[in-house]
Amino acid sequence: RYWRSRTLNSLELSPTRDHSILDVATGTGALAIAAARKFPNCKVTGVDISTGMLVKGKELVRLASMQHRIPMSHDHAEALPFADDVFDAVCIAFGVRNFENLQSGISEMRRVLKPGGKIAILEFSKPRHFPVKHLFQFYFKNLLPVIGKSISRDPRAYSYLFESVQHFPDYERFTAIMSELGFSKCTFTPLTFGICTIYTGIK
């Protein structure tokens with residue numbers, strides 16, 4: 001909840017205005033539902049490539065009685081089915097790390113943003129400072145896969161998490177990519193000692 005709240009705060013939207021928000025890789029809709037609650041006059045659109053996740057997400061949206069405010073669709077983040085310049089804000093939580101083509105996905109999110117619109121990206125990052133850096137590495141590399149193997153039918157997913165975080169271009173490298181793709185005022189804000197980071201930019 002803390003990470004979601006910080007991500008939504010970084011969008012700097014007025015809670016009293018009618019805004020349109022796109023939640024990419026919405027999954028079970030946790031961030032979309034939080035956004036709809038935080039911004040009562042907003043419409044939040046969720047997209048995800050996983051049919052299974054969308055089934056769970058739509059059920060949670062229904063239980064929250066927000067079907068009219070949070071439409072969800074099965075769409076690819078790198079080929080969004082929206083016109084240019086239609087959303088006031090775009091957010092994504094723990095999804096860009098899984099893009100097949102990072103630049104393509106970021107470009108698509110920028111394309112559908114209105115001029116002056118803001119993007120907020122929440123993603124895992126590698127802590128930089130002792131002892132969190134070493135504890136993080138040890139836990140994700142050695143303990144998490146063992147835990148995952150004992151509770152999951154797909155233990156490989158837990159190993160993939162560590163590997164994908166290691167290869168992700170975090171902090172300054174990621175904001176540099178955002179800048180190269182046309183975003184301005186790009187920033188990064190580490191959370192929880194750098195375990196994850198919020199990246200923002202303006203179109």
> Will you find, in the side chains of Asp23 and Thr26, an N or O donor that is under 3.5 Å from an N or O acceptor?
Replying inline: yes
>> Can you confirm whether the side chains of Ser10 and Thr200 place a donor and an acceptor under 3.5 Å from each other?
In response: no
>> Can you give me the closest heavy-atom contact between His76 and Glu100, atom names plus distance?
In response: NE2-OE2, 4.0 Å
>> Nearest 0.5 angstrom please: Phe183 CZ to Leu113 CG, how far?
In response: 5.5 Å
> Does any donor atom in the side chain of Asp75 or Ser73 lie under 3.5 Å from an acceptor atom in the other side chain?
Replying inline: yes
> Of the options Asp84, Asp85, Asp88, which is the one that meets Lys114 in a salt bridge (Lys or Arg N to Asp or Glu O under 4.0 Å)?
Replying inline: Asp88
> Do Lys118 and Lys185 come close enough that some side-chain heavy atom pair is under 4.5 Å?
Replying inline: no
> If you take all heavy atoms of Arg97 and Glu123, which pair is closest and at what distance?
Replying inline: NE-OE2, 2.8 Å
>> Using side-chain heavy atoms (C-beta onward) and a distance below 4.5 Å, is Val24 in contact with Val90?
In response: yes
> Roughly how far apart are Thr51 OG1 and Lys56 NZ, rounded to 0.5 Å?
Replying inline: 12.5 Å
>> So Asp18 and Cys42, do their side chains get closer than 4.5 Å, heavy atoms only?
In response: no
> What distance separates Thr189 OG1 from Asn9 CG, expressed to the nearest 0.5 Å?
Replying inline: 11.0 Å
>> Restricting to non-hydrogen atoms, name the atom on Cys91 and the atom on Leu31 that form the minimum distance, rounded to 0.1 Å.
In response: SG-CD2, 3.7 Å
> Do Phe82 and Phe87 have their ring centres less than 6.0 Å from each other?
Replying inline: yes
> Name the one of Val44, Val61, Leu60 that satisfies side chain to side chain contact (heavy atoms under 4.5 Å, CB included) with Met66?
Replying inline: Val61
> Under the 3.5 angstrom rule, does the side chain of Ser20 hit a backbone N or O of Val86 as a donor-acceptor pair?
Replying inline: yes
> Do Met53 and Thr28 have side chains that get closer than 4.5 Å, going by heavy atoms?
Replying inline: yes
> How far does CZ of Phe174 sit from OG of Ser125, to the nearest 0.5 angstrom?
Replying inline: 11.0 Å
> Nearest 0.5 Å, what's the CH2-SG distance between Trp3 and Cys196?
Replying inline: 4.0 Å
>> Around atom CZ of Arg17, are there more than 12 heavy atoms from other residues, nucleotides or ligands closer than 6.0 Å?
In response: no
>> To the closest 0.5 Å, what do you measure between CG (Asn41) and CG (Leu13)?
In response: 11.5 Å
>> Taking NZ in Lys43 as the centre, count heavy atoms belonging to other residues, nucleotides or ligands within less than 6.0 Å. Is the count above 12?
In response: no
> Does a side-chain heavy-atom distance below 4.5 Å link Leu122 with Leu191?
Replying inline: yes
>> Take a 6.0 Å sphere around CD of Glu172 and say whether it holds more than 12 heavy atoms from other residues, nucleotides or ligands.
In response: yes
> Aromatic ring centroids of Phe124 and Phe94 under 6.0 Å?
Replying inline: yes
> Looking at Ile70 and Ala32, what are the two nearest heavy atoms and their distance?
Replying inline: CD1-O, 3.7 Å
> Which atom names give the shortest non-hydrogen contact between Asp48 and Gly27, and what distance separates them?
Replying inline: OD2-N, 2.7 Å
>> Closer than 3.5 angstrom, by distance alone: can the side chain of Glu78 be matched with the main-chain N or O of Gly105 as a donor-acceptor pair?
In response: no
>> Does Val96 form a side-chain contact (heavy atoms from CB on, under 4.5 Å) with Met109? I'd like the steps, not just the answer.
In response: CA-CA 11 Å; Val96 295; Met109 292 189 289; 4.0 Å; yes
>> Tell me if the centroids of the rings in Tyr199 and Tyr171 come within less than 6.0 Å of each other.
In response: no
> Is there side-chain contact between Leu22 and Val47, with at least one heavy-atom pair below 4.5 Å?
Replying inline: yes
>> Go through it in stages, so that I can follow the logic: the residues are Arg111 and Glu108, the test is salt bridge (Lys or Arg N to Asp or Glu O under 4.0 Å), and I'd like the CA-CA distance, side-chain angles, deciding distance and then a yes or no.
In response: CA-CA 5 Å; Arg111 179 183 66 79; Glu108 270 293 271; 2.7 Å; yes
> Of the non-hydrogen atoms in Gly201 and Met178, which two are nearest, and what is the gap between them?
Replying inline: N-CE, 3.8 Å
> Under 3.5 Å, is there a donor-acceptor pair between the side chain of Ser179 and the main chain of Thr175?
Replying inline: yes
